[in-house]
Amino acid sequence: MRDLVAGIRYLGKGQRWVAQHGRWWGFGLIPALIALVLYAGVLTALALWSGDIAAWATPFADGWGEPWQGLLRGVFVALLFAGGLTLSVLTFTAVTLLIGDPFYESLSRAVEESEGHCPPDPDRPLWQEIGIALRDSVHVLLRAAGFGILLFVLGFVPFLGQTVIPAVGFCVSGFFLAVELTSVAMQRREVPVRERLRLLRGRKGLAVGFGTPVVLLFLIPFVAVVLMPGAVAGATLLVRDLVPDGTEPPTSDEGARAAGPDPAAPYGQTGAPYGQTAAGAPYGQHGAAAPGQPGAQGGFGPAPAPFPPSQGQSQAPRYPHPPSGPGSSAGRPPAGW
């Protein structure tokens, strides 16, 4: 549930970013407007010819009487148009990204630069970038089409086909739409399409929370055009948190040990394991400064001294003093007791 809410927030963050940078919002509208004109023509043709398509696809119902023939073909037309809308939502993003690859690449880069760091672009010509984007889009759409066919068939199941299946269909569409929208920032990081799918499958709630509201909003006429720049910006912000870019320091114990001690790092961070002083030795060892003393880096104050012998402390002190010898202070309590 937390990932689901986080995905919705990324969509809001993206829309807020383009609202604060109006020039980039207008810049991102251009390819979406071109794609809208193309899809409006296709959906209009589908609506006009859907009845003929239904009659051609169900010849076995020619001899049926009313109302069964009309009911069957009416359901077929409704599912056909719903499938066309779902497919248009998925392919609208892919086609818009292909048309506007230079536009959205610039928009995504501007978002990353405003956040403080932008990975360098791959050293490839534009035609090769478009070819990779086209290949990846086909790969994603083929996977989405497999789920679409399955859900189309399940749509004929009584009750489930009219209640549960449409909800599942929107979630599936949202997931694949998130894959498409994140492709701009993922391609900059040279993450292959199969790895993108794996990453988002590992955070299904995040992908569905981001993509499903976009699917629902894209069903409203002209909203897809208005929201497309913000959707790309939000997907870029999502990728920044989903895919490490290699600039963050290691956080695991292994990474800290591999990095070695860092005299400038406070305790608990990479390079200064907790319980070590700036010189890398345990508290109280000969030649190491205790926290709070001159030469120590950070810490929580001076190391506690052992209990004095008068309190019945018989075990060895927790923080041993240097070996005894001529002129040494071994056996004497620390200053201040």
Side-chain angles (χ1 to χ4, degrees), residues 2-3 5-28 31 93 97 100-126 128-130 132-133 136 177-203 205-207 209-211 214 227-260 262-266 268-272:
R2 183 178 299 176
D3 269 358
V5 175
I8 298 172
R9 286 177 178 170
Y10 277 118
L11 179 60
K13 288 179 181 179
Q15 301 302 328
R16 186 163 57 250
W17 191 93
V18 295
Q20 295 170 352
H21 302 78
R23 183 175 67 88
W24 285 106
W25 177 74
F27 188 70
T93 304
L97 290 174
D101 186 78
F103 297 85
Y104 293 128
E105 178 63 34
S106 300
L107 171 61
S108 177
R109 188 186 307 110
V111 172
E112 301 223 47
E113 288 174 349
S114 71
E115 293 297 309
H117 172 72
C118 180
D121 294 328
D123 188 16
R124 288 191 293 260
L126 178 61
Q128 191 173 359
E129 291 283 342
I130 295 176
I132 293 173
D136 293 349
L177 186 60
V179 175
E180 286 287 350
L181 288 169
T182 55
S183 64
V184 177
M186 291 278 199
Q187 191 171 333
R188 182 182 301 112
R189 290 164 171 78
E190 300 192 74
V191 180
V193 64
R194 288 180 174 83
E195 180 66 12
R196 298 174 205 168
L197 288 165
R198 187 193 66 80
L199 286 170
L200 290 172
R201 277 199 304 268
R203 302 285 299 276
L206 187 66
F210 179 81
V214 180
L227 295 184
M228 189 64 183
V232 173
T236 301
L237 295 172
L238 186 151
V239 170
R240 285 179 62 86
D241 289 347
L242 184 66
V243 183
D245 58 8
T247 61
E248 297 295 327
T251 56
S252 64
D253 293 341
E254 293 79 4
R257 286 193 293 267
D262 181 4
Q269 293 191 6
T270 303

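- The two atoms that bring Ala207 and Ala178 nearest to each other are O-CB, 3.6 Å, heavy atoms only.
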Please tabulate, for the side chains in residues 193-200, all donor-acceptor contacts under 3.5 angstrom to protein atoms that are two or more places apart in sequence or on a different chain.
unit_1 : atom_1 : unit_2 : atom_2 : d
Glu195 : OE1    : Arg198 : NE     : 3.1
Glu195 : OE2    : Arg198 : NE     : 3.2
Glu195 : OE2    : Arg198 : NH2    : 2.4
Arg196 : NE     : Val191 : O      : 2.8
Arg196 : NH1    : Asp136 : OD2    : 3.3
Arg196 : NH2    : Asp136 : OD2    : 3.0
Arg196 : NH2    : Val191 : O      : 3.2

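- The heavy-atom pair separating Tyr104 from Gly28 by the smallest distance is OH-O, 2.8 Å.
- Two residues are said to be in side-chain contact when any heavy atoms from C-beta on lie closer than 4.5 Å; Pro119 and Glu190 fail this criterion.
- Arg240 and His117 make their closest contact through NH1-O, 2.6 Å (heavy atoms, listed as atom of the first residue, atom of the second, distance).
- Contact of the Trp25 side chain with the Leu107 side chain is not registered, since no non-hydrogen atoms from C-beta on lie closer than 4.5 Å.
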Quiz: residues 7-20 side-chain donor-acceptor pairs under 3.5 angstrom, not counting sequence neighbours:
unit_1 : atom_1 : unit_2 : atom_2 : d
Tyr10  : OH     : Asp241 : OD2    : 2.3
Gln15  : NE2    : Leu227 : O      : 3.1
Trp17  : NE1    : Ser114 : OG     : 3.0

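- In this structure a side-chain-to-backbone donor-acceptor pair under 3.5 Å is missing from Ser108 to Glu105.
- Checking side-chain atoms of Arg188 against main-chain N and O of Val184 turns up no donor-acceptor pair under 3.5 Å.
- The minimum heavy-atom distance linking Ala231 with Phe210 is given by the pair O-CZ, 3.4 Å.
- When all heavy atoms of Ser106 and Phe27 are compared, the pair lying nearest together is CB-CE2, 4.2 Å.
- Looking at every heavy atom in both residues, Leu97 comes nearest to Ser183 through CD1-OG, 3.8 Å.
- Checked against salt bridge (Lys or Arg N to Asp or Glu O under 4.0 Å), Arg203 has the following partners two or more places apart in sequence or in another chain: Asp3.
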